[in-house]
Structure formats: structure tokens, C-alpha cells
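Take a look at the structure below.
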Amino acid sequence: MNKDSFYMDQALREAKKAFDKDEVPVGVVIVHKGSIIARAHNQVEMLKDPTAHAEMIAITQAANYLQNERLIGCSLYVTIEPCSMCAGAMVLARIDRLIYGASDPKTGACGSIINVVDNKKLNHRINVKKGVLEDEAGLLLRDFFKKKRK
């Protein structure tokens, strides 16, 4: 297993925690210098907060860990393509790399619908790698929404 797959597997573990709590199963880990410095899963329903996406929670954790609002040298692994809110926060935080599993054709803001993380008009762009453990991430989401429809 390569390092991107290893860290995405860790993000999938977080997504499964969200699944078990009846939250949309999105999980994140943030890595700095080879160590996981933040891990989170969606908590929108639990906190009754539309901004409680896994990415937002993990970015806050990582900033606290580094004692810096700039997450320079960090890679963010997330199970699904980030939305515009999360992509914007990643740009503001100066994340170096974004690695995601499944694309999001409805709200994806890293290439699917719009591309916030590689917008030439913004002052920072993020190196993106997509499709890491895509099948596993997509299956978890499909299973979640299938369960919700029952």
C-alpha cells in the first residue's frame, strides 16, 4: 500500500464513524511531515451546524496543532471531493496537497462543478490527486444513501 492509499484508508475509517452516527460518511486526515495531525468526520447533524464538514473540523484541528493559520506543508486526504466552502477554506489555509477519493458531480468544487483549488484568480493553488480508493469511498456513500431511502 502506498502512502496516499494508507492515509486515505485512515480517512475512510473516519467516514465510517460518520456513517455509524447517521452523518453523511465523509472522513478526513491531515498529514504534516509524515504524521497525521488532524482527523475528523462530518458532524453536521450532531452539531446542527451546516459548516461542520469533516474538512472544516480537521483544518481547525491542524491549525491548533501547528499553532498557525497557514497549513503550509500539509496534505489533506478526504473521501469525497470537497464542496466550495471546504475548498475555499483549504485555499485560505494554504494546504499544499489535496487527495480525494470519489468525485462529487453535484457539489464538487475541485474540478467537477467548479475548481476553487486551481483558480488562477486566487492567491494560492492546491496540487490535487483524485481517485485514491475511489471505489471504497463511493461504495460507502452509496450504501449510506441507500439506507436513508429505506
Side-chain angles (χ1 to χ4, degrees), residues 1-104 107-112 114-120 122-144:
M1 179 180 285
N2 67 37
K3 73 174 183 164
D4 286 342
S5 294
F6 172 80
Y7 292 125
M8 187 61 71
D9 183 66
Q10 295 298 306
L12 281 164
R13 290 171 191 237
E14 287 296 316
K16 289 173 185 165
K17 290 178 187 176
F19 185 99
D20 292 342
K21 295 176 183 176
D22 205 31
E23 296 274 359
V24 176
V26 178
V28 171
V29 297
I30 297 179
V31 176
H32 182 257
K33 295 183 179 178
S35 295
I36 295 173
I37 63 168
R39 54 176 73 235
H41 55 273
N42 273 4
Q43 297 180 40
V44 172
E45 300 291 331
M46 183 181 80
L47 297 176
K48 305 292 184 242
D49 179 355
T51 69
H53 290 199
E55 299 95 325
M56 302 297 283
I57 295 166
I59 287 169
T60 299
Q61 288 175 1
N64 285 332
Y65 178 87
L66 294 174
Q67 290 295 290
N68 196 323
E69 72 278 10
R70 304 282 187 250
L71 302 183
I72 295 166
C74 290
S75 297
L76 188 147
Y77 293 81
V78 60
T79 55
I80 189 169
E81 180 181 0
C83 70
S84 56
M85 173 182 67
C86 296
M90 285 185 272
V91 169
L92 292 173
R94 308 297 194 274
I95 293 283
D96 284 358
R97 289 182 72 224
L98 164 65
I99 303 89
Y100 69 85
S103 294
D104 184 347
T107 64
C110 301
S112 289
I114 59 174
N115 198 340
V116 173
V117 297
D118 191 30
N119 187 315
K120 307 281 187 272
L122 298 177
N123 63 343
H124 179 72
R125 281 171 289 292
I126 299 172
N127 181 2
V128 176
K129 181 176 181 179
K130 61 182 181 174
V132 176
L133 301 185
E134 178 178 15
D135 292 340
E136 294 89 334
L139 180 61
L140 191 60
L141 283 161
R142 284 189 300 279
D143 285 350
F144 176 80

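By convention here, the first residue in the shown sequence is residue 1.
Between Arg142 and Leu139 the shortest side-chain heavy-atom distance falls below 4.5 Å. For the pair Thr79 and Pro25, the minimum side-chain heavy-atom distance is 4.5 Å or more. The shortest distance between side-chain heavy atoms of Leu76 and Tyr100 does not fall below 4.5 Å. For the pair Ile99/Met8, a side-chain contact is recorded, criterion being any heavy-atom separation below 4.5 Å from C-beta on. Two residues are said to be in side-chain contact when any heavy atoms from C-beta on lie closer than 4.5 Å; Val28 and Cys86 fail this criterion. In this structure, His32 and Asp96 have side chains that are not in contact, with every pair of non-hydrogen atoms separated by 4.5 Å or more.
With respect to the salt-bridge test (charged N to carboxylate O, under 4.0 angstrom), the residues Arg13 and Asp9 qualify. Remark: Lys120 engages Asp118 in a salt bridge, criterion side-chain N to carboxylate O under 4.0 Å.
When each of His53, Lys21, Lys17 is paired with His41, the side chain to side chain donor-acceptor pair (under 3.5 Å) condition holds for Lys21 and for no other.
The CD atom of Gln43 sits 13.0 Å away from the CE atom of Met56 when rounded to the nearest 0.5 Å. Going from atom CD1 of Ile57 over to atom OG1 of Thr51 covers 8.0 Å, rounded to the nearest 0.5 Å. Here the CE-OG1 distance, from Met85 to Thr107, works out to 10.0 Å after rounding to the nearest 0.5 Å. Interatomic distance, CE of Met46 versus CG of Asp22, reported as 13.0 Å (0.5 Å rounding). Distance check: Ile59 CD1 to Ile95 CD1 gives 5.5 Å after rounding to the nearest 0.5 Å. A distance of 10.5 Å separates CD1 in Ile30 from CG in Leu98, rounded to the nearest 0.5 Å.
Nearest heavy atom pair, residue Val31 against residue Ile36, reads CG2-CG1, 4.1 Å. Across all their heavy atoms, Ala58 and Ala38 have their closest contact at O-CB, 3.4 Å. Listed here is the closest heavy atom pair of Asn119 and Arg125: O-NH1, 3.5 Å. For the pair Val29 and Gln10, the tightest heavy-atom approach, listed with the atom from each and the gap, is CG1-CB, 3.9 Å. Scanning all heavy atoms of the two residues, the minimum distance from Ile37 to Ala62 falls at CD1-CB, 3.7 Å.
For Tyr65, the OH atom counts as loosely surrounded, since its 6.0 Å shell holds 12 or fewer non-hydrogen atoms of other residues, nucleotides or ligands.
Under the 3.5 Å distance criterion, the side-chain polar atoms of Asn42 are matched with a main-chain donor or acceptor of Ala54. Looking at Glu134, its side chain never comes within 3.5 Å of a backbone N or O of Ser103 through a donor-acceptor pair. Judged by distance alone, the side chain of Glu81 and the main-chain N or O of Asp104 form a donor-acceptor pair under 3.5 Å. Side-chain atoms of Asn127 never come within 3.5 Å of backbone atoms of Arg97 as a donor-acceptor pair (strictly under, hydrogens ignored). No side-chain donor-acceptor contact under 3.5 Å links Glu55 to the backbone of Ala87.
Note: Tyr77 and Tyr7 have tilted aromatic rings, judged against thresholds of 30 and 60 degrees for the angle between ring planes.
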